[in-house]
Amino acid sequence: MSTDTGFEQRAHESLRDRVQHRLHAQPTLGPLAVLGLAVVVFSIINTRFLHPENLSLVLQQVTVTALLALGQTLIILTAGIDLSAGAIAVFSSILMANLAYDAGFPGLIALLAGLAFGTAMGAFNGVLVTAVKLPPFIVTLGTLSIFFALNSVVSGSETVRGTDLPGIMTWTGETIPIGSFRLTYGSIIMLLLFGFFFYLLAHTAWGKHVRAAGDDIEAARLAGIRTGRVLLSVYTVAGAIYAVAAWVLIGRLASADPNVGTEYNLDSITAVVLGGTSLFGGRGGVVGTLVGALIVGVFRNGLVLAGVQVVWQGFAIGLLVLLAVTIDQWIRKVRA
């Protein structure tokens, strides 16, 4: 009897260890399983969920969040965090729109100026982290307030309508019909950027240095990696991605609205965490982040179709985040 119990216990521990090692080696597996389960459950609850029109809406809704989460992933991989992601995106969109509408700049020039300014805001965060040696949390908490204040000053708290903007500003919101499914140019840009950064992280020295800095920054420095330059480049690139998200945001809303974006920071971090990227740095990737953003979108859309109130939608997403962080802590304890 005791022998059988001991055998069952060892088998259970062995299975648990195998799962733990597998998730440590392939952190995207867990999020993919959650996404697949969510799709199945919500399609059973409401058959409209799998209609191409609804799936198009889900992808459009997650595009901006996914782009912000992409930049957030790069920073979290270095064991940092960016609380100013949404503020940079919203301010960049307002700057683009006001340069075109109020200042009369050509659309392309206004767009490039907004992209450049978003990149500069990311670089500003990076300088404070690398040169002034301030913690990323404190830096981006401060710049969050600064950028949102500048947003109010530049916009005058007024929305610029898409009909008053050059066509290039709202182009990202235009769609390509694929049967009943409608794919926006903004979503295409998002998917291309995810593919590009997947390649960079997996196949370039820069990607390896980013992971090394997040895994153990002192060991990376002793190995000859210029960790300061790596961190500065990460924050700068993240700012550029947020600026692209600003362009996509204008197309998505068909306007430049200074009052949006209050939930973008939380949603971007949620997508990264749900995607299996460790908040302690060094482990994870952009594929998981894309899956995490889709999980957020599927849950929000599915809960709406199920008739769940907004407050309980937030409750469900919060539980998912807590579960994801708990699993991350467990995976990090994997035995070699």
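Numbers for residues simply follow the sequence, beginning at 1.
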Please determine whether side-chain contact (heavy atoms from CB on, under 4.5 Å) holds for the pair Phe42 and Asn301, giving the CA-CA distance in whole Å, both sets of side-chain angles, and the decisive distance to 0.1 Å. CA-CA 9 Å; Phe42 287 125; Asn301 181 270; over 6 Å; no
Given side chains that start at C-beta, do those of [X] and [Y] come closer than 4.5 Å, heavy atoms only?
X      : Y      : answer
Leu83  : Ile269 : yes
Arg211 : Leu201 : yes
Pro31  : Ile295 : yes
Leu253 : Val260 : yes
His209 : Ser233 : no
Phe49  : Val39  : yes
Val34  : Leu274 : no
Ile75  : Leu231 : no

Of the non-hydrogen atoms in [X] and [Y], which two are nearest, and what is the gap between them?
X      : Y      : result
Leu232 : Ala123 : CD1-O, 3.8 Å
Met96  : Ala110 : O-CB, 3.5 Å
Val298 : Ala38  : CG1-CB, 3.9 Å
Leu290 : Met190 : CD1-SD, 3.8 Å
Ala89  : Leu68  : CB-CD2, 3.8 Å
Val139 : Val129 : CG2-CG2, 4.0 Å

For the atom pair [atom1] ([X]) and [atom2] ([Y]), what is the distance rounded to the nearest 0.5 Å?
X      : Y      : atom1 : atom2 : value
Leu99  : Leu112 : CG    : CG    : 11.0 Å
Ser43  : Leu50  : OG    : CG    : 4.5 Å
Leu279 : Leu77  : CG    : CG    : 10.5 Å
Ile178 : Leu183 : CD1   : CG    : 5.0 Å
Tyr185 : Thr170 : OH    : OG1   : 12.5 Å
Ser93  : Leu111 : OG    : CG    : 11.5 Å

Do [X] and [Y] sit in the same hydrophobic cluster, where Ile, Leu, Val, Met, Phe, Trp and Tyr count as joined when their side-chain heavy atoms come under 4.5 Å apart?
X      : Y      : result
Phe197 : Ile188 : yes
Leu266 : Val272 : no
Leu108 : Leu95  : yes
Val64  : Leu115 : yes
Leu305 : Val308 : yes

Check this for me: [X], atom [atom1], are more than 12 non-hydrogen atoms of other residues, nucleotides or ligands nearer than 6.0 Å?
X      : atom1 : result
Gln309 : CD    : no
Trp206 : CH2   : yes
Phe117 : CZ    : no
Phe198 : CZ    : no

If you apply the rule side-chain contact (heavy atoms from CB on, under 4.5 Å), what do you find for Glu174 with Thr184, and how did you get there? CA-CA 5 Å; Glu174 296 181 10; Thr184 66; over 6 Å; no
Using atom types as modelled and distance alone, determine if a side-chain donor or acceptor of [X] lies under 3.5 Å from a backbone N or O of [Y].
X      : Y      : value
Ser155 : Asn151 : yes
Asp257 : Thr159 : no
Asn125 : Thr140 : no
Ser278 : Phe280 : yes
Thr204 : Gly207 : yes
Asp164 : Val160 : no
Trp247 : Trp171 : no

So that I know where these two stand, are Phe124 and Tyr235 an aromatic pair - ring centroids less than 6.0 Å apart?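 Not close enough - the centres of the two rings lie 6.0 Å or further apart.
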Short side-chain donor-acceptor distance under 3.5 Å, Arg182 and Ser56: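 Looking only at side-chain atoms, Arg182 and Ser56 do not form any donor-acceptor pair under 3.5 Å.
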In a check of side chain to side chain contact (heavy atoms under 4.5 Å, CB included) between Thr119 and each of Val244, Thr236, Ile241, which one passes?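 Result: among Val244, Thr236, Ile241, Thr236 is the only option passing the side chain to side chain contact (heavy atoms under 4.5 Å, CB included) with Thr119.
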List the residues meeting side chain to side chain contact (heavy atoms under 4.5 Å, CB included) with Val41, not counting sequence neighbours, and say none if there are none.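 Side chain to side chain contact (heavy atoms under 4.5 Å, CB included) list for Val41, sorted by chain: Leu37, Ile45.
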Residue pair Val296, Val62: steps toward the side-chain contact (heavy atoms from CB on, under 4.5 Å) verdict: CA-CA 8 Å; Val296 174; Val62 304; 5.8 Å; no
All pairs passing side-chain hydrogen bond (donor to acceptor under 3.5 Å, both in side chains) where residues 63-83 contributes a residue, at least two apart: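 Non-adjacent pairs meeting side-chain hydrogen bond (donor to acceptor under 3.5 Å, both in side chains): Thr63-Ser187, Gln72-Ser268, Thr73-Thr289, Asp82-Ser84, Asp82-Tyr242.
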Salt bridge present between Arg300 and Asp267 (N-O < 4.0 angstrom):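 A salt bridge is present here (some side-chain N lies under 4.0 Å from a carboxylate O).
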Would you please classify the geometry between the Phe315 ring and the Trp312 ring as parallel, tilted or perpendicular, with 30° and 60° separating the classes?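 Because their plane-to-plane angle is over 60°, the rings of Trp312 and Phe315 count as perpendicular.
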